Novice: 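Dropping a structure here in structure tokens format, bear with me for questions.
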2 protein chains.
Amino acid sequence: MTIKDPPRTPRPDSARTGMREVAERAGVAISSVSRVLSGHRDVSSVMRSRVLDAVAALGYEPDILAQSMRTGETMTIAFIVSDISNPLISEIALGAETTLRAAGYAMIVVNSMNDPDLELEHISLMRRRRTDGMLLSLADETYPDLRGALAKLAVPVVLVDRHLKDLDLGGMVLSEHRSGMREALERLHALGHRSIALINGSVSVRPSRERANAVRRFAKHHADTHCTVRSGSFTGTFGYDATRELLGRAARPTAIISGSNQILVGVLRALRELELKVPEDVSLITCDDSALAEFMSPALDTIMRDPNELGSQAASTLLALLRYEPIEPLNLPTHYQQRASSAPPPPR
Amino acid sequence: MTIKDPPRTPRPDSARTGMREVAERAGVAISSVSRVLSGHRDVSSVMRSRVLDAVAALGYEPDILAQSMRTGETMTIAFIVSDISNPLISEIALGAETTLRAAGYAMIVVNSMNDPDLELEHISLMRRRRTDGMLLSLADETYPDLRGALAKLAVPVVLVDRHLKDLDLGGMVLSEHRSGMREALERLHALGHRSIALINGSVSVRPSRERANAVRRFAKHHADTHCTVRSGSFTGTFGYDATRELLGRAARPTAIISGSNQILVGVLRALRELELKVPEDVSLITCDDSALAEFMSPALDTIMRDPNELGSQAASTLLALLRYEPIEPLNLPTHYQQRASSAPPPPR
DNA sequence: GTGAAAGCGCTAACAG
DNA sequence: CTGTTAGCGCTTTCAC
């Protein structure tokens, strides 16, 4: 059923009551209304109550847009992400939005779909919208035009678990990926694994680089252990291909670490196809928890962190920057959570 | 390390180049600049190129805020959700944002944390921000003050899988929960189940009501089958409690349907504690897919839908409303996906 | 303490 | 076709 003849009339209260009406009704100047509502102190109590009465009577609500126009502050923050449907990101977004909202800010979410060009467009568009600041979970830290675009930005920016070398744009909230990864590697080593593979996301972003570095550092200290790092993209397809390739070789790794929950899906698909049992045939550890990870059979060993806290801290850092307050770079912990998907390697 | 002495100087290009500078440089009137940039047709090509040159030379970017101030359109949509970290919601949000952005709109996300009072505050705040429209995934359709707040709204609203009786506020995009649920019930019945329980979310929102209705309708047509509906909240705690209670009884159900992915977590926890095997001891079906559901052991039977499409269609509907175009109410399909978590009931 | 006036950066009549 | 003018709704000097 199609609704015919949609209304052509202007929207109902397109004539919202403004400050002018309030001033008239209270019999005062429009600037006095502003003063009262802005909580200015030099206003007589008589004035205050007259204005407040009029406000209540008319149901007046200040227009945030007009305020922004005058003050230059939009009280709006942009959060540019690769893909909000990624559970890690959406949890970060929740933490960020909650903290921002408590401070009176609204959060615009934009998805770059991992396209650095689109990301640049978004940054520019958000600047034109005069957002007061930005939270960036960049798709590609190495993109050539990025630095220029960020340098041009007049508002404070906080990078969320991202790092641009030699570029100080104020805020940065990181996860300390190495320690969690090291714990996981040591656990595998203690179980007897001597061939371990990390199926890693894109090294164009910090988390993957840090994880790869942790593996390399581990390898350097454990000459008896062969470590492989396959870096690619945060996709199931990559996880699948890399797993098939790694396990199809004669000298197959006895343990796999998946570098993200998207990659994990591909790894699991490949393992299922290859009919390999976890942890009997191959041990499996993944990065970043999912709601169902602990209910898998076997329950998945996971390198954990607190994404809500990450988002919240990123927001707090941005708020501090907006207030010209001193900030300190944060490095939030990660840790290895043993469950049931790691075991000694199969006898060969 | 704390950074001392934060900059007290005003932000770098706080003196952005405006239309005025462009007009001066091009030697034309400011309104002519506006015309060229707005793609007005009655402009000479000489004028066009003069202006465009100046724009390019100065790197001028129109101020969206000021445009909004004049036109009354903010090109901003608010999406009010219970909790963006819910994977179902974040997928809907992705679909909505993608469609809105393609039409030039930005999306503000606000989390109500399932608090109807907070939700009302958000609605009011978004009105003050003059968002051009709202996408609402209400926390509680039955909240008394809600109707008033919505009626007062001057902008178009689209409810996302929500329904308010007798209130026509334009848009509504729904999921057709009943058919998927019916398929699932029939499958269970065919397997021989005669005692089935739905652990349902809050009946203050449409999806849970529809699912409960589907169960009741099924029960009416199958006198041989005992159906139980436990409605509560979309939380793991509720899922856990309800499962323990239902399975602790003498006449325990032989099949459980979980009404959301949050509830599912609680159900799984309870089943694990009770040491009940799926599907040997009890069959399990859940609503709305998760990335890992198919990799569980057993793979989880799921009543599926396309949340991205739901978000995208909701956005399209809102866009149509904004253009005063005719819209048609949508009812997107759900379907039962058999995997491996349903089987004949255990012999008694 | 309060009012009058000047814009924030842009668009939309209205003349010419 | 183009320039002039008048605001959108608010905040903020600046006088009184």
Side-chain angles (χ1 to χ4, degrees), chain A residues 10-11 13-52 54-55 58-76 127-132 154, chain B residues 10-11 13-52 54-55 58-76 127-132 154:
Chain A
R11 310 246 177 252
D13 77 4
S14 62
R16 299 173 43 173
T17 62
M19 220 171 221
R20 184 197 217 119
E21 284 90 327
V22 178
E24 276 171 8
R25 174 157 184 135
V28 302
I30 193 170
S31 52
S32 295
V33 178
S34 174
R35 277 195 204 92
V36 171
L37 267 48
S38 311
H40 231 270
R41 46 189 175 181
D42 284 347
V43 279
S44 67
S45 51
V46 190
M47 171 69 86
R48 169 160 289 112
S49 51
R50 283 178 70 87
V51 169
L52 259 27
V55 165
L58 295 167
Y60 167 74
E61 294 182 324
D63 183 327
I64 299 183
L65 193 64
Q67 286 180 167
S68 300
M69 189 70 187
R70 259 312 306 224
T71 63
E73 310 214 299
T74 55
M75 300 306 282
T76 306
R127 184 181 50 217
R128 289 184 45 197
R129 279 187 177 269
R130 296 231 218 148
T131 53
D132 293 339
Chain B
R11 312 245 177 253
D13 76 4
S14 62
R16 301 173 42 174
T17 62
M19 220 170 223
R20 184 197 215 118
E21 283 90 325
V22 178
E24 276 172 9
R25 173 157 184 134
V28 300
I30 193 170
S31 54
S32 295
V33 178
S34 174
R35 279 195 204 91
V36 170
L37 269 47
S38 313
H40 232 268
R41 47 194 174 174
D42 286 346
V43 279
S44 68
S45 51
V46 191
M47 171 67 89
R48 170 160 288 114
S49 51
R50 285 177 69 88
V51 169
L52 260 25
V55 166
L58 296 168
Y60 166 74
E61 293 182 325
D63 183 328
I64 299 183
L65 194 63
Q67 287 179 170
S68 299
M69 191 68 188
R70 255 320 302 225
T71 63
E73 311 213 299
T74 55
M75 300 306 283
T76 305
R127 184 181 50 216
R128 288 185 44 195
R129 278 187 178 269
R130 294 231 221 151
T131 54
D132 292 340

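Being a predicted model, the structure only gives us computed values, none of them experimental. By convention in this document, chain letters (A, B, ...) are assigned in the order of the sequence lines, proteins followed by strands, and residues within each chain are numbered from 1.
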Novice: Measure from CZ on B:Arg50 to P on D:dT2 and round the result to the nearest Å.
Specialist: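 Going from B:Arg50 (CZ) to D:dT2 (P), I get 10 Å.
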Novice: On DNA chain D, nearest-nucleotide positions of B:Ser44 versus A:Tyr60: which is more 5'?
Specialist: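 This one resolves to B:Ser44.
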Novice: When you measure from the side chain of A:Asp42, which nucleotide among C:dG1, C:dT11, C:dG3 comes out closest?
Specialist: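 Ranking C:dG1, C:dT11, C:dG3 by closest atom to the A:Asp42 side chain puts C:dG1 first.
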Novice: Would you kindly give the CG-to-C1' distance between A:Asp63 and D:dC10, to the nearest whole Å?
Specialist: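 Between C1' of D:dC10 and CG of A:Asp63: 8 Å.
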Novice: Indicate, yes or no, whether a donor-acceptor pair under 3.5 Å links the base of D:dG3 to the side chain of B:Arg35.
Specialist: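 Between D:dG3 and B:Arg35, which were checked side chain against base, a qualifying N/O pair under 3.5 Å is present.
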Novice: Under the side-chain contact (heavy atoms from CB on, under 4.5 Å) criterion, do A:Thr76 and A:Arg129 qualify, and how do the steps go?
Specialist: CA-CA 9 Å; A:Thr76 306; A:Arg129 279 187 177 269; over 6 Å; no
Novice: Among C:dG7, C:dT2, C:dG9, which is the nearest nucleotide to the side chain of B:Met69?
Specialist: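 The answer is C:dG9, which lies nearest to the side chain.
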Novice: Quiz question: by atom type and distance under 3.5 Å, do the side chains of A:Ser32 and A:Arg50 form a donor-acceptor pair?
Specialist: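 Judged by distance alone, the side chains do not pair up.
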Novice: Rounded to whole angstrom units, what separation is found between the CD1 atom of B:Ile64 and the C1' atom of D:dC8?
Specialist: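 Atom CD1 in B:Ile64 sits about 17 Å away from atom C1' in D:dC8.
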Novice: Rounded to whole angstroms, how far apart are CZ on A:Arg41 and P on C:dG1?
Specialist: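 Atom CZ in A:Arg41 sits about 11 Å away from atom P in C:dG1.
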Novice: For A:Val28, report the nucleic acid contact type (base, sugar-phosphate, nothing); a contact means any heavy atom under 4.0 Å.
Specialist: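 It contacts sugar-phosphate atoms only.
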Novice: Taking N and O atoms by type only, does the side chain of B:Ser31 place a donor or acceptor under 3.5 Å from a partner on the base of D:dT4?
Specialist: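 Present.
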Novice: Whole angstrom is fine here: how far is it from CZ in A:Arg70 over to C1' in C:dA6?
Specialist: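 For the pair A:Arg70 CZ and C:dA6 C1', the rounded distance is 8 Å.
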Novice: Whether B:Gln67 contacts C:dT11 is assessed here as follows: a side-chain N or O lying under 4.0 Å from the phosphate OP1 or OP2. Is that the case?
Specialist: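 For C:dT11, OP1/OP2 do have a side-chain N/O of B:Gln67 under 4.0 Å.
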Novice: Kindly point out which of D:dC10, C:dT2, D:dA6 is positioned nearest to the side chain of A:Met19?
Specialist: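 Nearest to the side chain of A:Met19 among the choices is D:dC10.
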Novice: How many whole angstroms separate atom CG of A:Asp132 from atom C1' of C:dC8?
Specialist: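 Answer to the nearest Å: 15 Å.
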Novice: Nearest whole Å is fine: how far is C:dG7 P from B:Arg20 CZ?
Specialist: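 That distance rounds to 9 Å.
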Novice: Tell me what A:Arg130 touches on the nucleic acid: a base, only sugar-phosphate, or nothing, going by heavy atoms under 4.0 Å.
Specialist: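 Sugar-phosphate contact only - A:Arg130 comes under 4.0 Å of backbone atoms but never of a base.
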Novice: Between B:Met47 and A:Thr71, which residue's closest nucleotide on DNA chain D lies nearer the 5′ terminus?
Specialist: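 On the 5' side of the pair lies B:Met47.
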Novice: In whole angstrom, what separates B:Ile30's CD1 from D:dT4's P?
Specialist: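 Checked: the CD1 to P distance equals 11 Å.
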